[in-house]
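Since this is a predicted model, take the numbers as computed values, not measurements. In what follows, residues are counted from 1 in the order of the sequence shown.
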Amino acid sequence: MLKSGLVALCVTFTAVLVSLTVAPQAHAAGLFAKTQVIVDEEIALSNHGSQMRGFKLSGKATLQVSVKGVKNTDKGFDVYLMTADNYEKFKEGKEFKHFPTFQGLKITGATNTADIPAGDYVLVVHNKYNLLKGMIVQVKATINP
């Protein structure tokens, strides 16, 4: 009985050693998906203001954007993903194009995922509806190649 207990202990110890040495090598070898965080922060928006976070993709990737109202977001906020040149139009109050998959109008939270091509992008959160108070929105955006 003591002998079988020692064998079980040796097998368990060997399995732990293997998992500790193989897992980092597998990760380093790229066997697991590499998620890149673009933004993960609470963004403060002034009354009727907006904030943007820009990023560049060198190739097609899967983008996931999650937004959640934290403070003073009961009236909702808008979220857009657009190219950098369309952001300039947005700032000037002109007509702009955006990715409808990532659009959120008068929302208090949402999560959207889609493939997007290479390019320069801007993620915009706009406090359009709360004219008297600023707000705080938690924004997280990640990509997987």
Side-chain angles (χ1 to χ4, degrees), residues 5 7-145:
V7 169
L9 182 62
C10 288
V11 169
T12 302
F13 182 72
T14 303
V16 169
L17 281 178
V18 168
S19 68
L20 289 174
T21 57
V22 172
Q25 291 170 349
H27 182 69
L31 297 178
F32 299 110
K34 297 177 185 176
T35 299
Q36 179 184 350
V37 176
I38 297 169
V39 62
D40 187 4
E41 64 181 290
E42 287 187 350
I43 296 177
L45 303 165
S46 63
N47 55 327
H48 204 63
S50 63
Q51 288 275 341
M52 61 77 82
R53 297 298 183 265
F55 62 97
K56 183 176 188 155
L57 291 179
S58 57
K60 181 180 176 182
T62 301
L63 173 68
Q64 181 176 63
V65 175
S66 296
V67 291
K68 181 180 179 190
V70 176
K71 184 177 180 184
N72 296 330
T73 58
D74 54 316
K75 293 183 181 181
F77 52 89
D78 293 346
V79 176
Y80 302 100
L81 177 70
M82 61 188 79
T83 59
D85 58 330
N86 275 290
Y87 177 66
E88 293 304 316
K89 294 175 185 175
F90 172 83
K91 285 193 322 188
E92 295 169 3
K94 296 179 181 176
E95 187 176 332
F96 64 94
K97 294 182 181 181
H98 61 281
F99 288 79
T101 303
F102 294 99
Q103 173 185 319
L105 300 178
K106 208 168 188 177
I107 60 171
T108 58
T111 299
N112 294 313
T113 305
D115 291 336
I116 58 173
D120 292 329
Y121 295 98
V122 177
L123 180 63
V124 178
V125 182
H126 186 195
N127 179 2
K128 182 177 179 181
Y129 309 102
N130 196 338
L131 303 179
L132 300 176
K133 295 180 182 178
M135 64 176 56
I136 298 176
V137 177
Q138 174 66 40
V139 178
K140 183 172 185 177
T142 59
I143 57 170
N144 288 316

Atom pairs and distances, donor-acceptor, side-chain atoms in residues 113-125, under 3.5 Å, two or more places apart:
from: T113; atom 1: OG1; to: Q64; atom 2: NE2; distance (Å): 3.1
from: D115; atom 1: OD1; to: T62; atom 2: OG1; distance (Å): 2.5
from: Y121; atom 1: OH; to: P117; atom 2: O; distance (Å): 2.6

By salt bridge (charged side-chain N to carboxylate O under 4.0 Å, His left out), which residues pair with K128, not counting sequence neighbours?
none

NZ/NE/NH1/NH2 to OD/OE distance under 4.0 Å, E88 and K91
yes

Kindly give the heavy-atom pair with the smallest separation between N127 and K133, and that separation in Å.
ND2-O, 3.2 Å

Where do D40 and Q138 come nearest, in terms of heavy atoms and distance?
OD1-NE2, 2.9 Å

Any ion pair linking R53 and E41 (charged N to carboxylate O, less than 4.0 Å)?
yes

Could you tell me which non-hydrogen atom of N144 sits nearest to which non-hydrogen atom of T35, and how far apart they are?
OD1-OG1, 2.6 Å

Under 3.5 Å, side chain of N72 to main-chain N/O of M135, donor-acceptor pair present?
no

Do H48 and Y129 have their ring centres less than 6.0 Å from each other?
no

Taking H126 as the fixed residue, which of Y80, F90, F77 is the one that meets the ring-ring contact (aromatic ring centres under 6.0 Å, His included) rule?
F90

Let's go through V137 and V70 carefully: what are the C-alpha distance in whole Å and the side-chain angles of both, what is the deciding distance for side-chain contact (heavy atoms from CB on, under 4.5 Å) to 0.1 Å, and is it a yes or a no?
CA-CA 5 Å; V137 177; V70 176; 5.9 Å; no

Looking at every heavy atom in both N86 and T83, which two are closest together, and how far apart are they?
ND2-OG1, 2.9 Å

